[in-house]
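Both backbone and side-chain heavy atoms feed into the values below; hydrogens, waters and symmetry mates do not.
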Amino acid sequence: MVFGKTKLELKVGIFVFIGLVILVIFILSIGGFKTWSSGYRININFNFVNGIKVGAPVRFAGVDVGAVKRIKLEFVPQENRSNVQLEVWIRSIIKIPSDSTVWVNTLGLLGEKYVEIIPGADYVNSLTDNQSLTGIDPLPIHEIFNRAENIMRNLDEGLAQIRNKEGSLGKLVYDDKLYNELEALVTDVRKNPWKLFFKTKEKK
């Protein structure tokens, strides 16, 4: 009787264990967790990373190939500046040329941030474990808005010049004489299209 109860408990224990293993595999697969994938780590240095987080995707030629594993902020006394170092994990089958271009990109204007790697051509000197690249600093969002504001200001000034009949475009729009001359020229070309191919002889 005692032996039968122990046997039943053993079966239940094995069943629960297998169920837990299946549940863990399911959760890891849903989360995209690649425990068994082999790869290597490289470092990418920036002055500014625009809020990128640990776990952010790394794309090579537009394809997800890894993730940001660690972010380290340090001061470089020799250069009197702060340096942000991203430690990123890359799948082992991916070869990154040493002359590749790297920057922090954004999905949409305010979307998820990720590391974008555009492949270079120097595959002979592809990066290996713990080697480094220097990334291109992303443009801060306030700088983007400042540039957009400057463009709008210049556009407004251009429209004001047109309304005030200033500048070449303003004169073209509001100066009847120039408009009439241009209209006459178009009319003449329509009637005599051969003039487009006629070259006036230069006076000697």
Any donor-acceptor N/O pair, D99 side chain to A121 backbone, under 3.5 Å:
yes
Does one hydrophobic cluster hold both L73 and I52, with members joined at side-chain heavy-atom distances below 4.5 Å?
yes
Assess the residue pair V54 and K69 against the criterion (side-chain contact (heavy atoms from CB on, under 4.5 Å)); give the C-alpha distance rounded to whole Å, side-chain angles, the decisive distance to 0.1 Å, and a yes or no.
CA-CA 6 Å; V54 171; K69 292 298 182 183; 5.7 Å; no
So which atom in S126 and which in K95 form the shortest heavy-atom distance, rounded to 0.1 Å?
OG-CB, 3.9 Å
So, does T187 use its side chain to make a donor-acceptor pair with the main chain of E183 at under 3.5 Å?
yes
Shortest non-hydrogen contact from I136 to F46?
O-CE2, 3.5 Å
With side-chain contact (heavy atoms from CB on, under 4.5 Å) as the test, would you mind laying out the steps for I44 and V88 before giving the verdict?
CA-CA 8 Å; I44 306 174; V88 304; 4.1 Å; yes
What pair of heavy atoms forms the shortest contact from S98 to D122, and how long is it?
OG-OD2, 3.3 Å
For F48 against P138, the heavy-atom pair lying closest together
O-CD, 3.0 Å
Quick one: does E79's side chain have a donor or acceptor within less than 3.5 Å of a partner on V76's backbone?
no
Verify, without hydrogens or angle tests, whether D129 (side chain) and Y40 (backbone) share a donor-acceptor contact under 3.5 angstrom.
no
I71 with V104, same ILVMFWY side-chain cluster at under 4.5 Å
yes
Could you check whether any side-chain N or O of S82 sits under 3.5 Å from a backbone N or O of F75, counting only pairs where one atom can act as donor and the other as acceptor?
no
State, yes or no, whether a side-chain contact exists between L86 and N43 at a heavy-atom distance under 4.5 Å.
no
Where do P119 and A61 come nearest, in terms of heavy atoms and distance?
CG-CB, 3.8 Å
The test is side-chain contact (heavy atoms from CB on, under 4.5 Å); show your working for I18 and L20 and say whether it passes.
CA-CA 5 Å; I18 294 174; L20 288 174; over 6 Å; no
Could you see if V65 belongs to whatever hydrophobic cluster contains L107? Use Ile, Leu, Val, Met, Phe, Trp, Tyr and a side-chain cutoff under 4.5 Å.
no
Pair N45, T134: side-chain N/O donor-acceptor within cut-off below 3.5 Å
no
Does any non-hydrogen side-chain atom of K113 lie less than 4.5 Å from one of N50?
yes
R41/E87 salt bridge by N-O under 4.0 Å criterion
yes
Just so I know, are the side chains of V12 and I14 near enough to count as touching, which here means a heavy-atom distance under 4.5 Å?
no
Same apolar cluster (I L V M F W Y, side chains within < 4.5 Å links), F60/I93
yes
Looking at every heavy atom in both W89 and G39, which two are closest together, and how far apart are they?
NE1-CA, 3.6 Å
If hydrophobic clusters are built from ILVMFWY residues whose side chains come within less than 4.5 Å, do V102 and I94 share one?
yes
Pair E116-Y114, side-chain donor/acceptor within less than 3.5 Å:
yes
Counting C-beta onward and ignoring hydrogens, is there a side-chain heavy-atom pair between D188 and R190 closer than 4.5 Å?
no
Carboxylate-amine/guanidinium contact R153 E149, below 4.0 Å:
yes
Taken to the nearest 0.5 Å, the spacing of E74 CD from R81 CZ works out to 8.5 Å
Please assess I118 against W103 for the test side-chain contact (heavy atoms from CB on, under 4.5 Å), listing each intermediate value before the final yes or no.
CA-CA 9 Å; I118 300 299; W103 69 88; 3.4 Å; yes
I need the N130 CG to S132 OG distance, nearest 0.5 Å.
8.0 Å
Atom pair CD1 (I42) and CD1 (I96), whose distance is rounded to the nearest 0.5 Å:
4.0 Å
Under the side chain to side chain donor-acceptor pair (under 3.5 Å) rule, what do N154 and N150 come out as? Steps first, then yes or no, please.
CA-CA 6 Å; N154 292 334; N150 289 335; over 6 Å; no
